[in-house]
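The structure under discussion appears below in the form of structure tokens.
Computed from a predicted structure; not experimentally measured.
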Amino acid sequence: MIKKLKLVLLLIIVILFLSNDLVNCKTTPKSKLDESSIEDTMAPETVSEEIVTETTKPITTTESTTTTTPISTKTSPITKAPITKKPKTPVDPRLGDSDQESSTTISKKPIDPKFDPKSLFLCGTDIEEDLSEGSNFNAATSTAHDDPYQCYLSPKNVKYGKAMTLTLESKSCGGGGGGGGGGGGGGSNGDKVQSEESDNDIKPASKKSIVSVGGSTSCLDHKISCAEVEHSDKMTYGVYSVVMAASPASNTVTKIYASTGGKGQYSDIYFKVEGNTTVLKYGYTSYGKVTEFKNTISGSSFSIANNYTFYYSQDTLIWYFNTRQQGEINTKYAGPKSPPPPLRFRISLTNNENKQIKDTLLPTTASVKTFTYTSVKCPSDSESDDENNWGPQKASYKYFSSNCTTYRPYWIFNDTLNEEEGWTTQLSNGTLRVQNTYFQRIGDNIAFGFNEYAKNLRFSNRIAFPIKRHKYLMFWMNGGFKGSQSLAIYLTYKKSKIGSVNLGDFVIGGIQKEHWYKVIIPMKSFQISPPTITLMDGFMIQPTYDGYMDMAYFDDVMFSNGSICMEPLGQMDVFKNGKLENGDPSQSIANVNFDSVAMKYKGKATIEYQIENVNRLQLNFMNGSVGIDEYDGMIFNMFYYPDNAYIYQGQEDLEASQHTYQRPLDCKICLLNEAGTGEFPCLSLSEYVGGIFPSNKWIQLSIPWNDLAVDFYGARIGGVVIKTDLGGIHQGTLYISQISAAKYKPPHVDENDSSNSFKLLPTTITSHFISILLIFFFINFLN
């Protein structure tokens with residue numbers, strides 16, 4: 001009986017170990033891909049844009065069936081074919097949270113295959129065009145039945161060279177009699193027509209002209225000819241952006257607009273620049289009713305290349321000049337409603353109908369370098385209902401308000417470049433230096449001169465990695481002594497630019513001079529082209545137009561998966577649950593209430609700080625200073641209740657729906673030194689969250705030491721200050737429910753990453769050896 005029992009036990013042990021070994025064989029994860037295996041994951045057929053520095057010649061890649069479009073970054077911006085939005089290809093991310101995208105396709109409610117969101121003009125096709133070698137713009141021709149201006153629209157007045165030029169002149173009113181396509185004749189859409197005019201590398205317009213019924217006779221009695229172009233595609237809600245140098249001649253009108261309808265149904269959104277003035281006109285027309293605004297632009301010239309951008313949605317219109325917001329209007333409740341889609345985008349150069357142009361000023365031209373259109377997301381490819389309420393200003397807020405992560409940031413530059421992980425800036429083109437003389441945050445930063453279009457700051461890695469490995473690209477930027485830089489950010493792969501965003505979309509109001517901004521860019525904001533590309537090897541920052549932008553400064557460049565989760569236990573509470581803990585308020589000045597019930601948080605009292613420069617909220621740590629090695633950062637939970645007289649200053653007589661701009665909160669958090677008597681460099685709340693601090697909602701910020709300018713060896717903190725330096729006006733009230741120092745939650749450990757730990761799952765040979773060894777000891781034990 002005992003022998004049988006021994007045999008049964010032996011059999012059970014053997015079966016258990018063998019079955020465990022089989023499971024291990026099935027579930028053992030694959031090891032990391034090496035460089036060659038990562039490179040091989042590229043789709044064999046791609047179309048991308050090649051990066052060519054000003055010191056190299058265009059190169060045609062000879063990879064199998066791969067076509068690249070060589071573009072010299074010295075002479076012209078990028079040319080992109082229209083990008084059709086498609087659902088994102090699922091890619092298994094290397095890093096991810098519990099809320100990270102799954103590596104398998106998520107089951108969604110099936111969409112009716114007959115339904116096309118574009119047919120309702122809810123969304124459209126992204127467009128990004130260089131205009132130096134033809135485009136999808138068509139030149140207009142005046143006819144007897146369609147003569148909209150006090151000048152003759154001639155296709156001959158539209159030409160292509162280093163840019164698309166529109167000319168206003170006192171002759172050349174022809175255009176084939178207005179009955180046929182001017183310039184290039186009958187070239188099909190997308191074809192280029194060779195020109196014999198080569199003096200200045202200028203080509204006539206190569207598209208069919210917009211022609212109405214009827215013909216032209218002797219310029220229709222007009223003394224001068226002018227130009228207008230219309231894009232061939234219909235467009236809808238989204239962002240329209242043009243880089244253009246307007247005509248400098250007095251009494252000319254250079255206009256950028258998107259329009260629809262006709263006669264009493266005419267509607268449009270526009271910029272209008274009158275030559276030899278400093279006044280920028282912008283506005284919109286709703287079913288024939290015009291709403292126009294005027295801003296004086298000081299320190300800029302309209303005759304050089306500038307960026308004109310407007311954001312168009314069903315309820316909101318926003319106008320930007322060189323990334324600086326000029327005006328905003330809510331059309332949901334105001335009388336004039338937003339123009340209905342679809343729209344046609346047009347650019348024109350005409351004369352002022354009420355003033356005569358001197359012959360000595362003619363001919364005169366307007367030069368258009370690039371045009372981009374970014375559509376709202378289609379309902380079929382939105383990741384959530386939140387995404388349909390589209391707007392660039394939400395990017396930073398989502399970073400702070402979404403689920404936190406236990407993954408740590410992946411540093412590219414922090415005082416020094418992360419060369420150990422393969423990062424380099426050697427492929428940059430321009431003046432670059434690592435310094436701490438100007439605009440120091442903490443330690444060294446990167447200073448780079450954006451003095452012409454070809455200059456670019458490029459961070460590249462020797463090994464490609466998945467685009468979806470991280471959720472955010474982040475860095476700090478300072479506009480230096482000049483500010484107002486208009487920059488684009490491109491993802492790169494090998495020698496190609498594979499996706500881009502406008503940096504100005506993530507800093508509301510643009511980059512102001514001598515200010516540090518935290519730039520947070522969701523990786524999903526980059527529209528990858530072609531969409532089959534899943535890898536990147538870096539990114540580059542480059543001007544959007546050819547102009548002098550001076551030095552800009554960059555610090556703390558990193559990838560991130562979100563705000564790092566703070567440990568709820570073991571915090572050092574300065575103020576929490578309605579009462580002061582380790583906070584001494586005796587150094588606070590004037591109107592600060594530490595027991596306010598005007599705005600409670602979860603039924604508890606809060607700190608009430610009236611935001612004026614005569615008031616100062618200061619809490620010194622009562623139990624002595626703390627070192628940055630004891631905690632990882634600070635938690636602030638705040639509610640900003642704005643004073644409308646401040647944020648809408650100068651617009652008090654308008655209804656809320658007619659306000660065209662909003663002044664940002666000017667309020668700072670400053671940490672005190674060990675003695676509690678001096679301040680470290682302060683953190684501006686608005687500049688930390690993308691330009692505008694959210695109002696009328698509770699916002700919790702978990703701010704690491706490096707963002708609070710105290711991330712250096714031996715730093716100790718003696719307290720915290722909240723203040724404003726803006727005098728003469730009450731900005732509103734800041735309510736605070738929590739100020740605490742806290743530690744990070746332990747970092748995530750990826751069980752599938754064998755590079756950082758021993759393999760716990762035994763191989764087949766090892767498990768067999770262990771099985772035999774245990775059986776041997778078990779038999780001896782029974783005997």
Side-chain angles (χ1 to χ4, degrees), residues 320 322-325 391-401 438-442 445-446 472-487 489 501-522 541 551-558 560 563 609 611 613 617 633-634 636 638 640 642 646-647 661-671 679-695 697 699-711 720-727 729 731-732 734 736:
Y320 299 88
N322 286 341
T323 74
R324 290 190 177 186
Q325 182 174 322
Q393 66 272 23
K394 294 192 174 184
S396 297
Y397 173 68
K398 188 171 183 179
Y399 171 84
F400 293 107
S401 62
Y438 300 104
F439 307 106
Q440 183 183 30
R441 279 192 67 251
I442 315 171
N445 58 53
I446 294 175
Y472 300 95
L473 169 63
M474 296 166 38
F475 53 85
W476 283 87
M477 179 182 173
N478 191 305
F481 294 107
K482 182 175 176 59
S484 301
Q485 287 85 2
S486 179
L487 303 172
I489 301 176
V501 296
N502 189 331
L503 187 146
D505 290 343
F506 303 94
V507 181
I508 302 173
I511 300 292
Q512 306 297 318
K513 65 179 182 180
E514 301 179 6
H515 284 254
W516 280 103
Y517 293 85
K518 189 177 180 73
V519 181
I520 302 174
I521 304 174
I541 305 172
M551 302 294 289
Y553 301 82
F554 300 87
D555 198 7
D556 286 356
V557 185
M558 69 180 84
S560 171
S563 182
Y609 168 60
I611 310 170
N613 68 335
L617 192 167
M634 302 278 299
F636 296 86
M638 296 176 285
Y640 172 43
Y646 166 73
I647 63 173
Y661 63 90
Q662 177 178 330
R663 297 180 68 186
L665 170 67
D666 186 313
C667 189
K668 303 174 181 179
I669 297 175
C670 316
L671 298 185
E679 299 174 358
F680 292 107
C682 299
L683 174 71
S684 170
L685 289 175
S686 291
E687 291 155 14
Y688 188 58
V689 297
I692 295 288
F693 192 81
S695 59
K697 62 178 67 177
I699 303 296
Q700 180 167 297
L701 300 178
S702 298
I703 309 178
W705 293 137
N706 60 290
D707 285 344
L708 289 164
V710 292
D711 189 16
V720 60
V721 170
I722 297 178
K723 67 175 185 176
T724 178
D725 295 327
L726 184 63
I729 191 168
Q731 300 180 53
L734 191 67
I736 306 167

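Contact annotation: the side chain of I511 approaches that of L503 to within less than 4.5 Å [non-hydrogen atoms, C-beta and beyond]. Counting heavy atoms from C-beta on, the side chains of D725 and N613 never come closer than 4.5 Å. W705 is listed as a side-chain neighbour of M634, based on a closest heavy-atom distance under 4.5 Å. Contact of the P642 side chain with the L665 side chain is not registered, since no non-hydrogen atoms from C-beta on lie closer than 4.5 Å.
S484 is linked by a side chain to side chain donor-acceptor pair (under 3.5 Å) to R324, counting only residues two or more places apart in sequence or in another chain. Applying the side chain to side chain donor-acceptor pair (under 3.5 Å) rule to N322 yields the partners N306; only residues at least two apart in sequence or on another chain are considered. E514 meets the salt bridge (Lys or Arg N to Asp or Glu O under 4.0 Å) test with no other residue; sequence neighbours excluded. In this view, F481 and Y438, F439 satisfy the ring-ring contact (aromatic ring centres under 6.0 Å, His included) rule, not counting sequence neighbours. Applying the side-chain contact (heavy atoms from CB on, under 4.5 Å) criterion to R441, with sequence neighbours excluded, gives W476, W516, D555, D556, D707. For E687, the side-chain contact (heavy atoms from CB on, under 4.5 Å) partners two or more places apart in sequence, or in a different chain, are H515, Y517, S684. Every side-chain contact (heavy atoms from CB on, under 4.5 Å) that M474 has, sequence neighbours left out, goes to Y399, Y472, K518, I520, M558, S560. For I692, the side-chain contact (heavy atoms from CB on, under 4.5 Å) partners two or more places apart in sequence, or in a different chain, are I508, Q662, P664. Contacts of F554 classified as ring-ring contact (aromatic ring centres under 6.0 Å, His included), with partners at least two apart in sequence or in another chain: F475. Under the rule for a salt bridge (Lys or Arg N to Asp or Glu O under 4.0 Å), D711 has no partner lying at least two apart in sequence or in another chain.
L683 CG to I722 CD1: the interatomic distance, rounded to the nearest 0.5 Å, is 10.5 Å. Considering CD of Q485 and NZ of K513, their distance stands at 11.5 Å, rounded to 0.5 Å.
In terms of heavy atoms, M477 sits closest to A552 at CE-CB, 3.8 Å. The nearest pair of heavy atoms linking P704 to Y688 is CD-OH, 3.9 Å. Residues A709 and I442 come closest through the heavy atom pair CA-CD1, 3.3 Å.
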Could you walk me through whether F693 and I699 satisfy the side-chain contact (heavy atoms from CB on, under 4.5 Å) test, starting with their C-alpha distance in whole Å, then the side-chain angles of each, then the deciding distance to 0.1 Å, before giving a yes or no?
CA-CA 9 Å; F693 192 81; I699 303 296; 4.3 Å; yes
The test is side-chain contact (heavy atoms from CB on, under 4.5 Å); show your working for R663 and L726 and say whether it passes.
CA-CA 12 Å; R663 297 180 68 186; L726 184 63; 4.1 Å; yes
Does the side-chain contact (heavy atoms from CB on, under 4.5 Å) test come out yes or no for Y609 and T724, once each step is laid out?
CA-CA 11 Å; Y609 168 60; T724 178; 3.9 Å; yes
For F636 and I703: C-alpha separation, side-chain torsions, deciding distance, then whether side-chain contact (heavy atoms from CB on, under 4.5 Å) applies.
CA-CA 8 Å; F636 296 86; I703 309 178; 4.0 Å; yes
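Test I736, I669, L734 against L617 for side-chain contact (heavy atoms from CB on, under 4.5 Å) and you get one pass: I736. Of the candidates V501, V507, N502, D505 forms a side-chain contact (heavy atoms from CB on, under 4.5 Å) with just one, namely N502.
In this structure, E679 does not pair ionically with K668, as no charged nitrogen and carboxylate oxygen lie closer than 4.0 Å.
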